Each structure stands twice: as C-alpha cells, then as structure tokens.
Amino acid sequence: MSKIKTPQAIRGTQDIFGTDAEAFAFVVETFERVRKLYRFRRVEMPVFEKTEVFSRAIGETTDVVSKEMYSFEDRGGESLTLRPEFTAGIARAFLTNGWQQHAPLKVGTHGPLFRYERPQKGRYRQFHQIDAEILGAGEPQADVELLAMADQLLRELGIEGVTLHLNTLGDGDSREAWRAALIEYFSAVRGELSEDSQERLEKNPLRILDSKDPRDRKFVGDAPKIDAFLSDDARAFFDAVTSGLDAAGVKWARAEGLVRGLDYYRHTAFEFIPDEGSAAAAALGSQSTILGGGRYDGLMESLGGAPTPAVGWAAGIERLAMLVGEKSEPALEAMVLVEHDDGLAVANELLSKLRTAGVVADIMATGSVKKRYDKAVKQNPQHILRVNEHGYHGISGEGDNRRIVAAIN
RNA sequence: GCGAUCGUAGCUCAGUUGGUUAGAGCGCCGGUUUGUGGUACCGGAGGUCGGGGGUUCGAGACCCCUCGAUCGCCCCA
C-alpha cells in the first residue's frame, strides 16, 4: 500500500469548527435580524465577476487590484476574478439588472471574499463579510440610516469599547483640492518621511495621514485639513450626517485623518475601531477596523452607468466573531442510550418523536454498555433515556423532563 | 512584497552541550475493578520528529532551501 500524502489546506483559508463556528453563525444571524429591522433586502451575488468589474470600480492603482486579486482566465479566455469585496459586484448588478427601478434600494448580503494577502490575525485569503448598501440615495439621511444600522448591529452583538470614527472626503472637487494640497505639503518634507510614505506620495497621498510611522506622524498633525477645502454643499452634507447621527443616538468621533484606500469614496467615510486599551483592541491585534465604509457616488460611472449616489459598509465576520465571546453549541437535552443492540428500532422511534417535538436529542449505541454510559455522560446530556432489548425503560437526569416525556408518549 | 518567532503522536507539550529501540498528559481502542450516569487501574494502536538537501562516525537537535503557522510592517473588513 503506497503512502498517499494528504493535501494541505490552502494558505490563508480556515476550517471553522465548534465554538468558533457558533460565533461565526451568531454574527450572521444577528446581522440577518437587524437587516430586516431596517428593511434591507437580501441579495445573493456571484462569487466571481469579470475582472474589469473590480479593476475599474476599485481603481487600478490600489493594492487590492494591483496585487491582491485572485484573477484567472476561464476556458473561454475571459479574465475573471474572485470577488475581493461586495460593493463593485452589487453596483454591477444594479446596472445590469435595472435595479434603478427600485431606487433607493437597500440591500444586504454576506459571504466569502478573496484577497491574496499575507495571512495574519484577523486577516485571511478567504475571509467573510457582512455587507449593507443603499443604492440610488444621495441624501445624508441614507448615511445616517446606514450608520444607525451598523451601530445597532454592534450593540446587539454585545461588542463594547468600539467607536465610530467619522470623516468626510468632500465631493470630487473638494477631494482633489485637498489631495493637491497634501502632495504639496508632504513633498516639502519628502526626505524625512518613511519609505512607505514617500511611495504613498505618488500613489495615494491621503493614506500618509493614517501612517503609523513616527517619522510621518510628526508632520501629519500640521497637514492641510479637508475642512479647509470643503465646498459649501459638502460641508452642509457632512453637517446633516452628523446631526442626524446625534438625533439617532449614534455616538461618533471626528477623525480628520481617516481616509479610505479605494478610489471610489466621496463624502462620508467611516470606520468602527476598538478604543485604545479596550479588550476588543487587544483581541484584534493590528487588524483593528471591524466595520468600514462610506459614500461612493462616483462608482457607478466608473462602470459605465449613470451617476448614481450610494453608501455602504462591510464588516469582517471573523473579526466580529473574535469579539462576541464564547458561543457554546446548543445543549443536549436528551441522550437515547441503547444498552442492547436489539433496542435500536425503539431508540430510533424515540429519537424521531423527540426531534419532531423540537427536543435536541442524540443517540449512543456503540461500544460496551459501560463505554456507552461513559461517552454519553461526557456529552453532558440533561437527560438520558435508557433503551434495552425489551424497549424503553426509563429516563434519568436532573431537572424538568416534562417536554421529553410528553414527546415520547 | 518585507521582518521576527516557530513547526516532535489526533490535541497540549517534554526531549539536557548532537550519541544506544523518540517520551508524558489528554483523547481514541480494548480490558479489569467499581458503579444500577460522572471512579480507579492495566494494556494497545498511533510519529519516516513539516518536506528536501548538507555538515558529522552519528542530527529531532547544527547549516541552507522550501512549505506552513503565528505576530508585526504594508494593506484592509
């Protein structure tokens, strides 16, 4: 018999099991419940799209597109890509399916995303997000509702010590003027910046603002602020968002340095980040953003559609699952213990009745009688139903067993 | 893409300055003793020490490469 080598899992993928899987499911279930409260409609999206959907929407120069996508040619020679995010695909669907007729359209979804990155705590190559978008809504009210939903979700997940960091990038003109000012400002001290930021100066100068490098931090404080470049409209928009949040009881903090890495963002940008020193911060390590998003009014045009305002956010399920605490698997209410194999038929009948009645039940029917009891007890059942060759002959266990008794009679 | 640490049975880990048949606990399988559901004990299976090269009389221990994990940088959810 030749030795077959077991193939190993692909780097950066996870096999989630037990209490971790329960925490994962808890996040998804809570999201689904809150989603319905806010009347976000469920959508299911393809896991892959034509590569251009992402390259055009997200931006060719972004790290996500330039070095993190899983792209391949299908048998027809077409370049396809495993989705690295939800937003671009949802925007494409909005355009190709004529969802304009439903605008403003609130949708939510969840599922796996793929990014070729170095795996790390809270960062995987196949990871999972929950996602909420409001398409075709240009009013600040949409931003407010979306953020209120995110805030409620985090509360219902029982996650504490997390703050909404909020910023505005202004409209397209504001953003460009600010960007130009930042380039001018940082170019003057170029030689003193970190190597990373010297490169960012070319590719994405906004990102210098949230650099962690002390060499950069020195200059960030005095860097030009977006507020100085906001048009009156952009300022009014942001004010409407913040006053709406206040009215909705959503706590937030202004974060002037907060920017987004993807090209399509305008106006509102936000991240929910654990407070320094909190348990959540410790649990997440350096991958600290648990929910992030913003307004992407320019995205539809980049996909060839009519100008369509939209806002959205996404949150990493793995990161949220790390914060929701231990989620135990459902308690075993009734264990049917088969003391003799001739009792199997009776046992199966009992099991059927129990489960039909909604009782969490399992069966133990292998090994010696002693082993059966030992193994059954280790699963910590609330009650044990004994079955032998003569049939069912009793129930034991602490506490109320009326549901169980009623189910089997 | 860069850096640091790490990789021994299913799991958690020991394995002294390189030296005879690689160990423990838990788990698993079998049994004994108890016990009319949580005990104690005995035995067993299971590892080409992540993989590949090299140094050496001899390497799980040293060197190189590679794969993977973990944690940072970067990026992002």
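Owing to the predicted nature of the structure, the values given are computational and were not obtained by experimental measurement. Protein chains get the first letters and strands the later ones, always in sequence-line order, with residue 1 at the start of each.
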Discussion item. Under 4.0 Å, heavy atoms only, any strand: does A:Arg200 hit a base, just the sugar-phosphate, or nothing?
Written reply: sugar-phosphate
Practice prompt. State whether A:Asp341 and A:Arg372 are salt-bridged, where the test is any N-O pair (Lys NZ or Arg NE/NH1/NH2 against Asp/Glu carboxylate O) under 4.0 Å.
Written response: yes
Fill in: Electrostatic pair A:Lys370-A:Glu339, nearest N-O below 4.0 angstrom
no
Item to complete: Check the distance between B:rG27's C1' and A:Lys375's NZ and give it to me in whole angstrom.
Response: 12 Å
Worksheet item: Cut-off 3.5 Å, side chains only: do A:His383 and A:Glu333 have a donor facing an acceptor?
Response: no
Worksheet item: When you match A:Lys67 and A:Glu85 each to their closest nucleotide on RNA chain B, which lands nearer the 5' end?
Response: A:Lys67
Discussion item. Heavy atoms only, 4.0 Å cut-off, all strands: where does A:Gly285 land among base, sugar-phosphate and nothing?
Written reply: sugar-phosphate
Discussion item. Using the C1' atom as the point on both nucleotides, what is the distance between B:rC42 and B:rU33, in whole Å?
Written reply: 10 Å
Discussion item. In whole Å, measure the gap between the P atoms of B:rU5 and B:rC75 for me.
Written reply: 24 Å
Worksheet item: If you check the A:Val377 side chain, which of B:rG37, B:rC73, B:rC75 turns out closest?
Response: B:rG37
Worksheet item: Looking only at atom P, what distance separates B:rC2 and B:rA77, rounded to whole Å?
Response: 24 Å
Worksheet item: Do we see a donor-acceptor contact under 3.5 Å between the side chains of A:Gln100 and A:Thr308?
Response: no
Practice prompt. Sticking with atom P, work out how far B:rG7 lies from B:rC64, rounded to a whole angstrom.
Written response: 15 Å
Worksheet item: What is the distance from NZ of A:Lys212 to P of B:rC2, rounded to the nearest Å?
Response: 19 Å
Practice prompt. Establish, with yes or no, whether the OP1 or OP2 oxygen of B:rG30 is under 4.0 angstrom from a side-chain nitrogen or oxygen of A:Lys371.
Written response: no
Worksheet item: Can A:Thr109 and A:Asp131 be counted as having a side-chain donor-acceptor contact under 3.5 angstrom?
Response: no
Item to complete: Rounded to whole angstrom, note down the C1' distance from B:rG47 over to B:rU21.
Response: 14 Å
Worksheet item: Would you say the ring centroid of A:Phe94 lies under 6.0 angstrom from that of A:His102?
Response: no
Fill in: Integer-rounded Å distance: B:rC75 C1' and A:Leu284 CG
16 Å
Item to complete: Hunt down any stem RNA chain B takes part in, defined as 3 or more consecutive Watson-Crick or G-U pairs whose two distances are each under 3.5 Å.
Response: B:1-7 with B:67-73, B:10-13 with B:23-26, B:28-32 with B:40-44, B:50-54 with B:62-66
Discussion item. So, under a plain 3.5 Å distance rule, would you say the side chain of A:Lys370 forms a donor-acceptor pair with the base of B:rU34?
Written reply: no
Discussion item. Check the phosphate of B:rC73 against A:Ser286, side-chain N and O only, distance under 4.0 Å to OP1 or OP2. Yes or no?
Written reply: yes
Fill in: Length of the line joining A:Gln14:CD and B:rA77:P, which is rounded to integer Å
17 Å
Worksheet item: Tell me: CZ of A:Phe31 to C1' of B:rA77, nearest whole Å?
Response: 13 Å
Item to complete: Round to the nearest Å and state the distance from A:Gln126 atom CD to B:rC76 atom C1'.
Response: 17 Å
Worksheet item: Is any side-chain N or O of A:Arg11 closer than 4.0 Å to OP1 or OP2 of B:rA69?
Response: yes
Discussion item. Can you tell whether the side chains of A:Lys225 and A:Asp227 come within less than 4.0 Å, N to carboxylate O?
Written reply: no
Worksheet entry | P-based separation of B:rA45 from B:rU39 [nearest Å] | 25 Å
Practice prompt. Check whether any side-chain nitrogen or oxygen of A:Arg118 sits under 4.0 Å from OP1 or OP2 of B:rU70, and answer yes or no.
Written response: no
Practice prompt. Assign A:Ile384 to base, sugar-phosphate, or nothing according to its heavy-atom contacts below 4.0 angstrom with the strands shown.
Written response: base
Worksheet item: Reckon A:Gly12 touches a base, only the sugar-phosphate, or nothing at all at heavy-atom distances under 4.0 Å?
Response: sugar-phosphate
Discussion item. For a quick check of understanding: with a heavy-atom distance under 4.0 Å over all strands, which category does A:Glu68 fall into, base, sugar-phosphate or nothing?
Written reply: sugar-phosphate
Discussion item. Between C1' on B:rC75 and CD on A:Glu271, what's the gap in Å once rounded to a whole number?
Written reply: 12 Å
Discussion item. Once you measure the plane-to-plane angle for A:His110 and A:Phe31, does it fall in the parallel (<30°), tilted (30-60°) or perpendicular (>60°) bin?
Written reply: perpendicular
Worksheet item: What nucleotide, of B:rG27, B:rC75, B:rU70, holds the atom closest to the side chain of A:Lys378?
Response: B:rG27
Worksheet entry | Nearest-Å distance once atom P is located in both B:rG51 and B:rU8 | 10 Å
Fill in: Presence of A:Arg123 side-chain N/O under 4.0 Å of B:rA77 phosphate oxygens OP1/OP2
no
Fill in: Side-chain donor-acceptor pair present, A:Glu145, A:Gln141, cut-off under 3.5 Å
no
Worksheet item: On RNA chain B, nearest-nucleotide positions of A:Tyr116 versus A:Phe127: which is more 5'?
Response: A:Tyr116
Discussion item. In this structure, how many angstroms lie between the C1' atom of B:rG27 and the CG atom of A:Asp374, rounded?
Written reply: 14 Å
Practice prompt. Determine the Euclidean distance between corresponding C1' atoms of B:rC29 and B:rG46; express it in Å to zero decimal places.
Written response: 11 Å
Worksheet item: When only distance counts, do a donor and an acceptor, one from the side chain of A:Ser396 and one from the base of B:rG37, lie under 3.5 Å apart?
Response: yes
Worksheet item: Just to confirm, is there a sub-4.0 Å distance from OP1 or OP2 of B:rU70 to any side-chain nitrogen or oxygen of A:Gln120?
Response: no
Practice prompt. Verify the distance criterion only: is there a donor paired with an acceptor across the side chains of A:Gln126 and A:Tyr70 at less than 3.5 Å?
Written response: no
